[in-house]
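Presented below is the structure to which this report refers.
In each ligand, atom 1 is the first atom listed, and ligand 1 is the first ligand listed. Note that the structure is predicted; figures quoted are calculated from it, not measured.
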Amino acid sequence: MLAFTAARLLTSHGVLESALLLVDEGRVVDAVSAAARQLPAGVLPLNFGDSLVVAGYLDLHVHGSAGYDVMDDAPEALPAIERLLARHGVTSYFPTTVSAPIDTTLRALERLADAVEKCERDCSGEQKNTKRTGRAQPLGIHLEGPFISHARRGVHLSEHLLLPKLETFERFWQASRGSIRMMTIAPELESAKELIAAAAARGVCVSLGHSDADFSAAERAIAAGARHATHTFNAMRPLGHRDAGIAAAVLTDSRVTADIIADGIHVEPSIVKLFAVAKGAEQTVLITDATAATGMPDGRYRLGSMEVDVKDGRCTSDGRLAGSVLTMDVAVRNLANFAEWDLPAAVAAANQNPARVVRNTNKGVLAAGADADFIVLDSHGNVRRTFVRGVECSR
Ligand SMILES: [Zn+2]
């Protein structure tokens, strides 16, 4: 049994003062006020002093980091990405594909499924492997494209985009052995509705994005089973006061959660605030859309099969924004500043809310039975220490 104490600890019910966190076998045994529970005999607590302890962040949209793309076949790619994510407070994530030739996508899905399944095995009760801890865990795959709009493709290459077809999805699904847990799709495309319903029936979180849909097409997709939106405002028909479009559906429909890239570059700070007001404390989700360039100096990097240039925090391909170099710790601080939210509210948009989006009850909260993934923050939201399943990640 491990014990940790801190001035403050964030639970789903709010902030606990002078808190005690008990961990055993990689899971939370209890998260309580220190006065409410005696330490088990012989257990010496590790004291985090004046810090705020919160559940680790879950990033639903990661293309890469530390010089590597999640679609790279190099064996060192995912470990390098996962160590960098952990340094910024991310304890679990969804490796995210970009539109690519179909065989490239199939091979990437097989490799990513291997990583997701290996992580599940290593973390399961019977054969715990401590080598697996110390870095962020891949929980499932986010398929971003190829079922997206030519008009709103961003930097996804036209020649790799496909119309939504059940047979094509089925090939992806088989290659991923069911590890696709999230899919971004443009709902206005022919046959999108059938695919949305079929994917949702398999438990995939269907997310609207890279879309030129009007308001009613977006609403029909939500009725068909879509329940999230991808990087709201980016690669999306803009919100017009006489052309409400998909953005208005995403902002106003309480059946959908939505994510946003809060780097101050992809979306202006005042629009991040508008978004936070519209979606509220429980449906606002932060993502990074991080690329291989994240955590690296300015230069040229890969995004899937494309090349992107990074200069002064902007990641572009042929002049278009191409993913980001944002890290989740910065996104949380930005949301707090832009939306004038307190730190715990901004933190929830990076842990509790995304975990709810993908219906993972073991992540995103510090409560008895949950995975002991937690981070230690200073009062400004800087990440001091990161623990995955009770084991500290090196910095
Ligand atoms: Zn992306």
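Side-chain contact between Leu162 and Ile102 is present, with at least one heavy-atom pair separated by less than 4.5 Å.
Metal site remark for the Zn ion (ligand 1): His231 contributes no N, O or S atom at a distance under 2.8 Å.
With hydrogens and angles left out, the side-chain atoms of Thr105 and Thr97 include no donor and acceptor closer than 3.5 Å. Between the side chains of Thr257 and His228, at least one donor-acceptor pair of N or O atoms lies under 3.5 Å.
The aromatic rings of Phe233 and Phe275 stand perpendicular to each other, their planes meeting at an angle above 60°, with 30° marking the opposite boundary.
The minimum distance between the Zn ion (ligand 1) and any N, O or S atom of His61 involves atom NE2. The nearest N/O/S atom of Asp289 to the Zn ion (ligand 1) is OD1.
Vertex the Zn ion (ligand 1), arms ending at OE1 of Glu144 and NE2 of His63: the angle is 80° after rounding to 10 degrees.
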